[in-house]
Each structure stands twice: as C-alpha cells, then as structure tokens.
Amino acid sequence: MDQTTAERQAYYDKLRPNNLAPLWEVLHDLVAPTPNSSLQPAIWNYDAVRPTLMESGALITAKEAERRVLILENPALPGESRITTSLYAGLQLVLPGEVAPAHRHSQSALRFILEGSKGYTAVDGERTYMRRGDFIITPTWTWHDHGNEGDDPVVWLDGLDIPLVQSLDTSFAERYGADAHPVSRPPGDALARYGSGMLPEGYQSVRPVSPVFNYPYGRTRDALETMRRSEEWDPHHGLKMRYVNPVTGGPAMPTIGTAMQLLPKGFETAPYRSSDAVVYCVVEGGGRTRIGEQVFDWSPSDIFVVPSWTHVSHETDGDAVLFSFSDRPVQEALGLWREDRQGNLEP
Ligand code: GTQ
C-alpha cells in the first residue's frame, strides 16, 4: 500500500462507524454509463422441469403450500426469488380437485397458462376458466383463489412484481379465511362488459388496472393470424401486440407489461435491446434466440430471460408465437425506458 492509499483507507475506516462512505470509490458503479446488471440470460426447458414440478404434487398439497410454485430464479441471483432485478416468475401447479385458498396482496400477478383446461382463478368475485395461452391478471389488492375442476394437472407461469414491491418496502398481504371468496358474477362477465370494444354507459375507472382480467388465447391468436396477411413485419419483433387496458390503452397492470408476438417460419429478427429485462414464454413453434453471446434453442412452454440492455435476436424453424413480460410500464412512467434498434453489436 502506498502512502496515499494507506491514508485514504485509514480515513474510510473512520467513516464506517459513523454510517458514512466515500462516493468517489463507488460513483462509476452507481452511475453507470449503461445498465451494469448482474442478471444472466437463462432458459428453463419445460420438458425437463415438468417432472420435478409434478414431484412437488406428492410432497405438499396446494392448500398447505397456499401456493405450490417452483420459483424460476435467475442463475446470477440464487436465493433471491427473482428472474429479473424487478420481477419474480414461477411455475404453479394445481392438481385435480385442489384449491389454492383466497388471499390478497399488494403485489400484482399475471398468469400465463401452460397446461390443463378446467383450471380457474377467481378475481374479486368472478371466476375465469383458464386454457393454454390465456393471459390472466390479478391486480394489486384483489382477492384471488385458484382451483382445478378437471382430471389433469393445471400448470401456469406466474409473473409478479415481488422484487419491485420489496425494494419499495410496500408489501401488504392478508388471507381471506376461507378457501374461496364468494362468487358474485358469472364467468365471462368482465370480458363481455369491458372487452367487447364497448364500455358500460357511465363507466369510470377507479384504478390503473384493466377491468378485463382474462385475455383468452383464441382471440389473441385470431388477431395475429388475421394481421399477418398484411405482411407488415417489424424487423426486430415480427408482428408484436401489447396487451392493454381497454379503458386507457395503457398496460393491463401498471407494473408489468405483456405482449404476444408472431414470428413466421424462417424469420430472423434484427438485433435489438431495451432497458427492460424481458421474460419470454414460448407458446407455439420452435427456434432459437441469441442473447448477448449465447444462443438458446427453444420449443413450446420453454421460458427464457433476456437481461437489461442485452442484444436479442430470434430465429424460427416454423411459425412461432412468443408471450413476454417485463417492467417496461414502470420504466416508461418514470421516463427511464430506452430501446436500441441499431443492432450495433459493439458494447
Ligand atoms: O397465486 O397468489 O407464484 O401470492 C407467488 C405468490 C403466486 C398467487 C406466486 C403468490 C401467488
């Protein structure tokens, strides 16, 4: 240690007991020229994870677990229950006849359905039945319980803003005290009322969340299939549609943005990056995605994550459909969101 280093170290040692620290030692990490995320790109192969998930079904009931979920942890952040810096993801299993009891919390959740046809989620008094490819929301502080009335396991991908809420220290949660919250409206009511290109006379939205809480895959897929005929492909995204709150045109929930994109057979997207780390779930088709320097092959139900400000490009074998979610609405609301369509692969 030279004289200067020793003097400075002695000075820093005096600071610590007083809860002080020198900015100049950390400034360039704190105020980085580009996001210096510690996230790693990663993929979860559904066929490989599924048997392990099913094993949990014999180990604990949905009721005892409250939510029987395997958390998808970013490999760079083991034990932190997060797939990106701000978002949590997990695979939830509900076996035939099981219920996951009613509760509510400040964290917002999305469900993206992978398996089963008779699973349901009830949100604030309305049940919605869930099928593969359906996108369902449980907005902040809404009562929700899940169940399975069918003969096959029900599995979905959960996406929650748990780490974001954690970093703001705003977690509140309570149990309803019974398995199910009372049902007061017939299934499909919200979609008919708010998702038919009309709104009830005099309707005023009271919260920044979509009154539609199930966006069925049939409608999404039909929309993409009809639009593909116009052949207007975005070089970076193919044909990409964002899920919106029909009242505002904004995202379905304020903290998590979601999209579905169609990439036709043989399509290669141009390199793209954005400041939001993105979680993808393959709905249909096969292909591969380059994330930074790594290439990940994927097939239906695989889940992969792209870190912030990392180049991503997709290539498909057949027609492919990808669901994705990120914290983009938060970044946009705060004026932080950026994208780079230059495709310049220099760092
Ligand atoms: O279904 O309410 O994956 O509260 C994590 C926390 C799911 C849920 C999760 C939750 C839920």
Side-chain angles (χ1 to χ4, degrees), residues 44 46 49-50 52-57 59-74 77 79-95 98-116 118-130 134-149 153-181 183 209 213-215 252-253 255-256 258 279 281 301 303 305 323 325-327:
W44 288 262
Y46 188 69
V49 173
R50 190 181 186 281
T52 313
L53 179 63
M54 292 303 150
E55 240 182 89
S56 75
L59 218 56
I60 189 165
T61 63
K63 194 163 175 167
E64 187 192 347
E66 192 162 332
R67 298 295 184 264
R68 186 173 49 220
V69 180
L70 290 186
I71 304 171
L72 306 180
E73 290 197 325
N74 192 284
L77 307 168
E80 291 195 24
S81 306
R82 48 176 123 184
I83 190 162
T84 71
T85 307
S86 61
L87 296 176
Y88 156 107
L91 287 171
Q92 181 155 176
L93 170 66
V94 184
L95 292 173
E98 284 193 320
V99 291
H103 69 192
R104 63 178 175 177
H105 37 70
S106 38
Q107 292 82 358
S108 301
L110 70 83
R111 331 278 171 195
F112 187 70
I113 314 311
L114 298 177
E115 276 192 45
K118 292 263 181 69
Y120 67 82
T121 283
V123 180
D124 269 350
E126 181 181 330
R127 265 190 192 185
T128 189
Y129 287 85
M130 315 189 286
D134 290 356
F135 160 59
I136 282 123
I137 61 169
T138 29
T140 176
W141 211 241
T142 49
W143 291 111
H144 54 285
D145 50 85
H146 316 299
N148 179 358
E149 294 177 350
V154 167
V155 179
W156 64 80
L157 172 66
D158 276 325
L160 285 90
D161 54 8
I162 289 172
L164 178 68
V165 170
Q166 205 168 33
S167 71
L168 298 171
D169 263 339
T170 48
S171 180
F172 296 92
E174 62 184 339
R175 292 181 176 164
Y176 182 65
D179 283 353
H181 182 270
V183 169
V209 302
F213 67 100
N214 186 350
Y215 296 74
M253 296 186 290
T255 51
I256 313 178
T258 47
V279 179
C281 180
S301 301
I303 295 149
V305 58
F323 173 79
F325 68 93
S326 81
D327 65 7

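Read the numbers this way: they start at 1 and go in the same order the structure lists the ligands and their atoms. All residue numbers refer to positions in the sequence shown, counting from 1.
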What atoms of ligand 1 come within less than 4.0 Å of a heavy atom belonging to [X]?
X	result
Val69	3 (O)
Gln92	1 (O), 7 (C)
His146	1 (O), 8 (C)

Indicate, with yes or no, if the rings of His105 and His144 have centres closer together than 6.0 Å.
yes
Check ring-ring contact (aromatic ring centres under 6.0 Å, His included) between Phe323 and all other residues, then give those that pass, not counting sequence neighbours.
Phe112, Phe135
Indicate yes or no: does Glu73 engage Arg82 in a salt bridge with an N to O separation below 4.0 Å.
no
For the side chain of His181 and the backbone of Ala122, is there at least one donor-acceptor N/O pair under 3.5 Å apart?
no
Check whether Asp124 reaches the backbone of Trp143 with its side chain - one donor and one acceptor, N or O, closer than 3.5 Å.
yes
Starting from [atom], locate the nearest protein heavy atom and write down its residue, its atom name and how far away it is, to 0.1 Å.
atom	value
atom 5 (C) of ligand 1	Tyr88 OH, 3.4 Å
atom 11 (C) of ligand 1	Arg67 CG, 3.7 Å
atom 6 (C) of ligand 1	Leu160 CD2, 3.9 Å
atom 4 (O) of ligand 1	His105 NE2, 2.9 Å
atom 7 (C) of ligand 1	Asp158 OD2, 3.3 Å

For ligand 1, which part of Gln107 has a heavy atom less than 4.0 Å away: the side chain, the backbone, both, or neither?
neither
Under-4.0 Å heavy-atom contact with ligand 1, by part of Arg68 that carries it:
neither
If you measure from each heavy atom of His103 to ligand 1, is any distance below 4.0 Å?
yes
Would you check, one step at a time, whether the test side-chain contact (heavy atoms from CB on, under 4.5 Å) holds for Val155 with Tyr46?
CA-CA 11 Å; Val155 179; Tyr46 188 69; 3.4 Å; yes
Consider side chain to side chain contact (heavy atoms under 4.5 Å, CB included). Of Leu91, Val69, Leu72, which one does Asp158 pass it with?
Val69
For the pair Glu174 and Arg104, evaluate salt bridge (Lys or Arg N to Asp or Glu O under 4.0 Å) and give the outcome as yes or no after the intermediate values.
CA-CA 6 Å; Glu174 62 184 339; Arg104 63 178 175 177; 2.6 Å; yes
